[in-house]
Structures are given as C-alpha cells and as structure tokens.
Amino acid sequence: MVDRETELSAILSSAAIVLVGGIVSSVAQLGERIVIGRLLSPDAYGEVSIGLALLTITVTIALAGCSQGVSRFIPRYDNAEDQRGVWVSGLILTAIFSLVISAVMFVSADVIAANLFETDEAVTLIRLLALALPFVAGFRIAVATIRGFENTVYPMAIQNFFYPLFRIALITVLLLAGMAIAVVGIAYLLAAILAFLLANVLLRRVMRLRGEYQTHTKELLVFSAPLIVSTVVGVMLTTTDTLMLGFFRSSYEVGMYDAAYPIASGLTVVLGAFGFLYLPIVSRLDADGERGAIDDIYATTTKWVYVITFPAFLLLVVFPHDVITFVFGESYAEAAAVLPILAVGFFLSAAAGRDRETLSAIGVTTWIAIGNVIGITMNITINLLLIPQFGFMGAGVASVMSLITQHGIICGVLAIRYGITPISPEALRCYLALPAVLLPLVYFLSPWIAISIVTVVPFLVAVGLGSVVVLGLAGGLEPDDLAVITLFEDKLGVSIPLVRRWIPDERGEPASSFSAD
C-alpha cells in the first residue's frame, strides 16, 4: 500500500516552495500589467492585452497538449532511454507546430491588426510575438520535462522568477525611454530566447540530453490529442473575452477589463502551487492502482487551496474600487465594477482543485476536452449576446458562467465515474462556514477599513487567521490535515497546538494529545 501521508507531504512541501515562486511570478506579471497600464493610456494597454492574448492562444496550440503528456509519461519510465525519448518526442512535435503557426502569424499580421487592433504599430507587435512563439513553446517543454522528474526548484527559477522578471525589467526600461507598444514584443522575444537556453541548461542537470533514446511519439499523441482541444479551449476561456471585446467594442474597454482580469486570476496562484508535483505523483499512484490515495490527496489539497485563497477572494469582492485604484490608478476605476464578478469565477475555479490534472493522471483526457468545449461554447455564446450591449461587464458574466460549467462537468465525471471528489462532510462544513461567517462580518466592518499598499497584507493575515479559527470551530478539520499543520509548523518554526486539538484522529476523536514533535 502507498504511504498516503508521504505523498501528500511531498505535494505540500512542493506547494510551499512553488507558492513563493507563484506569488513572485503573479506579482511580476501583475507588475508588468501595471507598468504598461500606468505608462501607456488605457487604449494602448488594451492593444497590448489583445496581442498577449494572441500569443497565449498560439503557444497553447503549438504545445498541442505535449507539456502535460511529457510530465505524465516521464515518471512512468525507469530507464534513461525512454525518458529521453519522451522529451525528444515532445520537442519534435512542438517544434513543428510552433514554427508553422509562427510563420502564419507573421505573414498575416496586417490582417490580424486590421480586425482586432486600432493602431498601425500593432503589426510590429504581432510579428515580434510571432518570432517569440517557438522559443516560448520550447522552454515550456523543457520545464515540463524537468517537472516529470519531480524537480521543483529549477522550473520555479525559470518560469516563476527569471522569465517574468526579465520581461518586466525590459518593458519598464524601454517604455521609460519613450517607446510604444512594440516594446512588449521586443521584451517577450528576448526573454523567451534566454529562458529557452536556460531551461535546457538546467534540464541537462536532471537528464543527459545526448545518448540513445526510444521515441514515444504515437503514445504521446494518443494521450495529448484530446488535450489539444481541451488546453486550447481552456486558454480560450481566458482570452476570448479580450479578443471579442477588441472586435465588438473599443481598446479602452479591453484596457478596463484587462485591468481587473489579472488581479482576479491571481486567486489561482495557490491552486497552481499545489499542482506542480500533483500530476506526476498522482499519475504514479494511478499506475500503482491507488485510487483511494488519489481521492484523499485531491480532497485535502483542494480544501486547503480554498482556505488559503479565501482571504484574497474576500478582499476583491468587498473592496474592488480600493484594489483597482491602488494597483492601476484612478484612470482604471471603472474596472472595479467587473472585478467582483471575475473574482467569483476564479475563486470557484480554485475551489474545484486540480480536477483536470486528476483526470489527466487517470488517463481520461476526453472528458477534459468535452468540459472545455462546452465551456468555451457557452463563453462565446454569452459574449455574443452581452458584449455588444453591456461591454466588459457582459464579458465578465460570460467568463464566470463558462468557468462554472467547465469545472462542474469535470468534477462531476470524477465523482460519478471514479468516486473521486473534494467534498467530505468536513470539507463541506469548511466550504459553507467561511463565507457564511466572514463575508457578512467584513462587509459590516468595510466602512472603517481602507485598503492600501500599507493595509492589504495585515488584512489578508487577519482574515487568514480568522479562516483557520472558523475552520476549526465548524469541525472542518480531518486526520489528513495533520500533514498540512505539520508543514506550517516546520516552515514557520512554531507550534500550533490549538489547531492540532481540533484535528480528529482516524477514529474521529479529537487529537488533543498530539504534540508538535
């Protein structure tokens, strides 16, 4: 039998490391948007947002689901020949797709600019992003390979630190020098080239790149084929709103929407941290036939993603105007109207946990594709109905409805067909108690609270501590949570005996006798 606590501790330890990187990466990406938004007009910021949405979609198509496939298959092989072959197979497939898409995007820049943008300089931006595309896809495959070896530090160093921080430094310097929106294309191209080189240097430290290899192209394609649809559709769920706003409305409205969107999407940082080692570990457990362990790990990680994310969700829902204005400035104040709507969608996505990775690990990727296709169909339909009349508010509603539909389908399949669900009696009490107690309390106190760069951290800490207290008093803790509390104690260097007393043992009795040792 698998040591469930060991596997859970590995994911939690990885989450603690990756969470730091995820926060740095999210802050850097948000900082990039802030720099662009504050140094350019809302209209120009909207133009850049459309360009980055195009890059995101094209990179996802070029990867063709191979990044998940590589991370899944590498831990299933023990010999270097097969592991090297998985990497080679993913690299070849990605190179072919990315070069073709890059060429089409470069040649069609004029047509794309005429339909989605409002300035002539957009042609240069599109072509620079097209040149960056193969390098972005290449470094993502290298990171996926390292991830397959359950290495956390190297991918975090490249993906969460170097790549975003180098971009924002370039963008800041060039914009201050007086350049316009093409700056973003230059920064993304140079950062992608350097990230690609660095990723492969680090990859050499976990696997010999030279030597015999056994390709697994067919196996990778069979697994990744449904993911081509699901991952592209999944990314389109986050970019279609921007593109359709650019088509039906003005770049100004795109700027407003894309001021709120990256702030709300920050609610998934904790989810991403818990998920870095989740796929390879759960894939290995599935190969060993340990579905019960998968269910326990999925449930425990999902509940704690909910608990840790809840304070930030409360911040965005209760104080949207304060958040928008201190991040982007008063010129983006209109975006405060859509921020709570988007926050609901992203918080519910986080509350669904690593549902897609769980299905991927089991090898049932078709249902991911189905969920994503239904979600994007709903997204496009609602956008068509609402954007022409309601602008970015309609786009926000479409985004939330599509996210709820997508995760509802995938979580339903996990529960009905495989008996894997994040909902236990304890977890349900947690999911209901936190908003029922803390949301009205914070609303009541909101007239006396002003959110600024000085008060935001104390607010999050206070609500976080309150969340843990509510969790314990509501009976939302269970035996597997002991691994989480132990990790917090180890990382913080303190004992938390009060919380330990709320954790029952395997027989359901309070574990008041537990010590922190």
Side-chain angles (χ1 to χ4, degrees), residues 17-18 20-22 24-26 28-29 31-32 51-52 54-56 58-64 66-71 74 80 83-103 105-106 125-174 182-211 213 215 220 272 276:
I17 297 172
V18 177
V20 175
V24 171
S25 177
S26 293
Q29 290 177 17
E32 177 181 286
L52 295 182
L54 281 173
L55 178 64
T56 300
T58 52
V59 167
T60 305
I61 296 173
L63 286 169
C66 290
S67 57
Q68 288 191 49
V70 168
S71 294
I74 281 182
Q83 291 171 340
R84 193 179 298 112
V86 171
W87 165 65
V88 170
S89 300
L91 191 61
I92 291 173
L93 290 171
T94 300
I96 293 171
F97 292 137
S98 63
L99 290 172
V100 171
I101 295 169
S102 176
M105 187 174 170
F106 191 93
L125 173 64
I126 294 167
R127 286 178 173 159
L128 287 167
L129 294 176
L131 294 175
L133 192 159
F135 294 101
V136 176
F139 108 76
R140 292 275 296 275
I141 288 294
V143 167
T145 306
I146 298 172
R147 181 187 179 193
F149 287 97
E150 300 182 16
N151 181 298
T152 302
V153 176
Y154 290 167
M156 183 180 68
I158 307 166
Q159 196 163 262
N160 299 92
F161 284 87
F162 174 78
Y163 186 52
L165 293 177
F166 186 69
R167 283 199 326 259
I168 191 173
L170 278 177
I171 290 171
T172 303
V173 170
L174 294 176
V183 160
V184 177
I186 295 171
Y188 268 76
L189 175 58
L190 293 177
I193 292 172
L194 292 178
F196 173 77
L197 295 174
L198 179 59
N200 282 281
V201 168
L202 294 179
L203 178 57
R204 289 182 61 188
R205 296 193 172 196
V206 299
M207 179 185 74
R208 288 184 58 190
L209 302 186
R210 293 185 179 182
Y213 58 87
T215 58
L220 192 60
F276 191 83

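Here the structure is a predicted model, which means the values were calculated and not measured. Each residue takes its place number in the sequence, starting with 1.
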(request) For Arg167 and Ala187, work out which heavy atoms get closest and say how close. (result) O-CB, 3.9 Å

(request) Could you tell me which non-hydrogen atom of Val184 sits nearest to which non-hydrogen atom of Leu125, and how far apart they are? (result) CB-CD1, 4.2 Å

(request) Please say which of Leu203, Leu202, Val201 ends up in a side chain to side chain contact (heavy atoms under 4.5 Å, CB included) with Ile158. (result) Leu202

(request) Could you check Leu54 against Leu129 for side chain to side chain contact (heavy atoms under 4.5 Å, CB included), going step by step and ending with a plain yes or no? (result) CA-CA 9 Å; Leu54 281 173; Leu129 294 176; 5.8 Å; no

(request) Nearest 0.5 Å please: distance from the CD1 atom of Ile193 over to the CG atom of Leu198. (result) 13.5 Å

(request) Could you walk me through whether Phe106 and Leu131 pass side chain to side chain contact (heavy atoms under 4.5 Å, CB included), step by step? (result) CA-CA 8 Å; Phe106 191 93; Leu131 294 175; 4.3 Å; yes

(request) In sequence, state the C-alpha distance, the side-chain angles, and the governing distance for Tyr163 and Phe196, and then conclude on side chain to side chain contact (heavy atoms under 4.5 Å, CB included). (result) CA-CA 10 Å; Tyr163 186 52; Phe196 173 77; over 6 Å; no

(message) Which heavy atom of Ile168 sits nearest to which heavy atom of Thr172, and what is that distance?
(response) O-OG1, 2.7 Å

(message) Testing the basics here: between Leu133 and Ala62, what is the closest heavy-atom pair and its distance to 0.1 Å?
(response) CD2-CB, 3.8 Å

(request) Would you name the heavy atoms of Ala195 and Phe162 that are closest together and state the gap between them? (result) N-CE2, 3.7 Å

(request) Give the intermediate values and the outcome of side chain to side chain contact (heavy atoms under 4.5 Å, CB included) for residues Leu194 and Leu190. (result) CA-CA 6 Å; Leu194 292 178; Leu190 293 177; 5.5 Å; no

(request) Compare every heavy atom of Thr94 with every heavy atom of Ala137, then report the nearest pair and how far apart it is. (result) CB-CG2, 3.5 Å

(message) To the nearest 0.5 Å, what is the distance between CD1 on Ile141 and CD1 on Ile92?
(response) 11.5 Å

(message) To the closest 0.5 Å, what do you measure between CG (Leu197) and CZ (Phe135)?
(response) 8.0 Å

